[in-house]
Amino acid sequence: MRVRFAPSPTGYLHIGGLRTALYNYLLAKRHGGVFVLRVEDTDQTRFVADAEQDILDSLSWAGLSFEEGPGVGGAFGPYRQSERSARYKEVAEELVRLGKAYFAFDSSEEIEAMKGRHTTAENPTPRYDFNTRLEMVNSLTLSEADVKARLDRGDEFVVRLLVEPGQVVSFQDAVRGNVSFDSQAVDDQVLVKSDGLPTYHLANIVDDHDMQITHVIRGEEWLSSTPKHILLYNALGWSAPQMAHLPLILSPTGGKLSKRNAEKQGIPVSVQQYIQHGYEPGALLNFLALLGWNPGNDQEIMDLEEMASVFSLDRVGQAGVQFDLQKLSWFNEQYLRAKNTKDIAESVLPLVKDRFGDYSLGHVEGAVKLMIERMTFEKDILDAPYLFEAPTAYDEKSVQKRWKTDSSDLLTAFSSEFESLSSWDAASIEGCLKAKVERDALGLGSIMFPVRLSLTGEPSGPDLFGMMELLGKNEVLARMQKAANELR
RNA sequence: GCCGCGUUCGUCUAGGGGUCUAGGACGCUGCCCUUUCACGGCGGUAACACGGGUUCAAAUCCCGUACGCGGUACCA
């Protein structure tokens, strides 16, 4: 089994593209096959210089490694279509020779004019097809000599697929079953553009054939051009690979997850944006895998290996799926909590230093341990500034509501109690505090709240005693005293 | 318009004729845990698009309608 992910470097890798790559990867791993990356850069007008690098970087971040492709090589290279022009030309010529394709010399104005002539309410988008090709300037309407003369003269031309009406083109799709089209509805697709480069359709089938791709897994937007591909395979006497068209990822409101549409709803579209937001690659992959596929049981948290061990195309859904950012967040939380706190600390250390100054890895790890249950992203550690610096203000509402007349005195009293503590750890602090509460017959809340507020400035937060241990005795006493004075 | 694909809780889905008074997850929500908040645990909320068939029996099969999505480029 050989599969490929064939992105076009016309922009940064899209989240939907990553899912397509993932499904290809999973299928290959599941069957011990080969995963190929092929860059489909046949459109010079839409070429984006750093897009290929972005695709490479994004796949690498996600951990989707390929056995063959640009940079790593392979027996079927080159893997950039711009470097395979000669082969497409050869195949195009072969198709013309076989009478399956023809030269066309029409200018875009002439094509527009033809479309204008045929446009009606019932036929808003006329095609260049069996119905109209005989009114056009092509090797079907021109004499052989004329065609040769134009070619020799260097006139611009395109090569078009000759689609005969009256045939039914059908194929088995691995996720949709039998799909069939009437060839009448297929136009004489351009195979070679006037710049000499192939269109997607030609390059795609040539490469899939030459690279011995066995399974084509791509988005549903390709479903309606598949008959063209089947016709091409047939014309060349090649057998078509197994097709599998994935349901599209839709926006939460149902429409297409276009860049504009998505951004309006706060959904990142490029993988690069997910990286910047701090998503865990495993979480994103896990989420994406389940967007259109399921393992057939209730398991949701699965790493790449686990998914690869059970992946199959027949468990891929057929209906479009809506993107749910909240569920992605949940996945990210799950993955974050499964991570080693030291690793997280190491990764956020620069952020902490940048924001709060020079803290030790140990201190940051302690902060992470306190905060992990309430973080969605690693960077959320910054939402607890009080683990690094004294609060500069106290939450007004809480002060008004819960800061009692004796709170300051209590703070002072407990301060001196803590002062005498010989070992400063969460358990000792807790024991000390609770002992005094009992001795003085106080309510636990009457002291817990003032302490928390003095330490964090906020009415809620992570475990109080753990936090006190992390901050250290001096810092805790200083903050308590400060609040006692300021809020008196 | 035409062609294609699709349609189970708000969302992702299980389900492939009887075991479905339709299961799981996210979300929302109640209770419990608890020094707060969060986490967690235990509950709750909520769906077979509609209409015809076929069948003893349909969420499951067939047809139609509606709706959604995709395509209709010398873009991929």
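Order of the sequence lines fixes the chain letters, A, B, ..., with proteins taken first and strands second; residue numbering starts at 1 for each chain. Values below: all heavy atoms of this structure, side chains included; hydrogens, waters and symmetry mates excluded.
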Of all the nucleotides listed ([options]), which has the minimum atom distance to the side chain of [X]?
{"X": "A:Pro124", "options": "B:G27, B:C12, B:G1", "value": "B:G1"}
{"X": "A:Lys434", "options": "B:U35, B:G27, B:G6", "value": "B:U35"}
{"X": "A:Asp463", "options": "B:G40, B:U35, B:G1", "value": "B:U35"}

Using the [atom1] atom as the reference point in each nucleotide, state the distance between [N] and [M] in Å, no decimals.
{"N": "B:C48", "M": "B:A22", "atom1": "C1'", "value": "8 Å"}
{"N": "B:G24", "M": "B:C9", "atom1": "P", "value": "16 Å"}
{"N": "B:C3", "M": "B:A73", "atom1": "P", "value": "16 Å"}
{"N": "B:G30", "M": "B:A38", "atom1": "P", "value": "11 Å"}
{"N": "B:U11", "M": "B:G68", "atom1": "C1'", "value": "16 Å"}
{"N": "B:A66", "M": "B:G23", "atom1": "P", "value": "33 Å"}
{"N": "B:U7", "M": "B:C39", "atom1": "C1'", "value": "37 Å"}
{"N": "B:C61", "M": "B:U8", "atom1": "P", "value": "13 Å"}

_For a quick check, with a 4.0 angstrom heavy-atom cut-off, what is the B/S/- contact string for nucleotides 70-76 of chain B, read 5' to 3'?_
SSBSBBB
Heavy atoms under 4.0 Å, any strand shown: does [X] hit a base, just sugar-phosphate, or nothing?
{"X": "A:Ser180", "value": "sugar-phosphate"}
{"X": "A:Arg452", "value": "base"}
{"X": "A:Asp182", "value": "nothing"}
{"X": "A:Gly445", "value": "nothing"}
{"X": "A:Gly292", "value": "sugar-phosphate"}
{"X": "A:Phe331", "value": "nothing"}

In this structure, how many angstroms lie between the [atom2] atom of [N] and the [atom1] atom of [X], rounded?
{"X": "A:Ile301", "N": "B:G24", "atom1": "CD1", "atom2": "C1'", "answer": "13 Å"}
{"X": "A:Met302", "N": "B:G24", "atom1": "CE", "atom2": "C1'", "answer": "12 Å"}
{"X": "A:Ile15", "N": "B:C12", "atom1": "CD1", "atom2": "P", "answer": "16 Å"}
{"X": "A:Asn297", "N": "B:A14", "atom1": "CG", "atom2": "P", "answer": "12 Å"}
{"X": "A:Leu455", "N": "B:U36", "atom1": "CG", "atom2": "P", "answer": "17 Å"}
{"X": "A:Glu300", "N": "B:A14", "atom1": "CD", "atom2": "P", "answer": "12 Å"}
{"X": "A:Gln299", "N": "B:G24", "atom1": "CD", "atom2": "P", "answer": "17 Å"}
{"X": "A:Gln318", "N": "B:U13", "atom1": "CD", "atom2": "C1'", "answer": "14 Å"}

_Would A:Lys327 pass as a cation-pi partner of A:Phe287, given that its NZ or CZ must be under 6.0 Å from the six-membered ring centre and within 45 degrees of the axis?_
no
*Regarding A:Arg315 and the six-membered ring of A:Phe311, is the cationic atom NZ or CZ under 6.0 Å from the ring centre and inside 45° of its axis?*
no
*Which of these passes ring-ring contact (aromatic ring centres under 6.0 Å, His included) with A:Phe377: A:Phe331, A:Tyr279, A:Tyr335?*
A:Tyr279
In the structure shown, which nucleotide is the Watson-Crick or G-U wobble counterpart of [N], with both distances under 3.5 Å?
{"N": "B:G70", "result": "B:C3"}
{"N": "B:G18", "result": "B:C56"}
{"N": "B:G51", "result": "B:C63"}
{"N": "B:U36", "result": "none"}
{"N": "B:C28", "result": "B:G44"}

_Nearest-nucleotide comparison on RNA chain B, the residue closer to the 5′ end among A:Trp293 and A:Leu444_ = A:Trp293
*Parallel, tilted or perpendicular: which describes the rings of A:Phe103 and A:Phe157, with under 30° parallel and over 60° perpendicular?*
perpendicular
*Do the ring planes of A:Trp222 and A:Tyr200 sit parallel (below 30°), tilted (30 to 60°) or perpendicular (above 60°)?*
parallel
*Enclosure of A:Lys473 NZ (heavy-atom neighbours >12, cutoff 6.0 Å)*: yes
*asked:* By the definition side chain to side chain donor-acceptor pair (under 3.5 Å), identify the one residue from A:Arg127, A:Arg160, A:Arg133 that meets it with A:Asp188.
replied: A:Arg133
*Report yes if at least one side-chain N or O of A:Asn294 is closer than 4.0 Å to OP1 or OP2 of B:U13; otherwise report no.*
no
*asked:* Please determine whether a side-chain nitrogen or oxygen atom of A:Arg315 lies at a distance below 4.0 Å from atom OP1 or OP2 of B:G15.
replied: yes
*Specify the closest pair of heavy atoms between A:Leu191 and A:Ala101, including all atoms of both residues, with the distance to one decimal.*
CD1-CB, 4.2 Å
*Can you list the residues that meet the side chain to side chain contact (heavy atoms under 4.5 Å, CB included) rule with A:Val206, with sequence neighbours excluded?*
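Testing A:Val206 for side chain to side chain contact (heavy atoms under 4.5 Å, CB included), a comparison that skips the adjacent residues, returns A:Arg87, A:Tyr88, A:Val91, A:Leu202, A:Asp210, A:Trp238.
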*Below 4.0 angstrom, N of the basic side chain to O of the carboxylate: do A:Asp208 and A:Arg4 qualify?*
yes
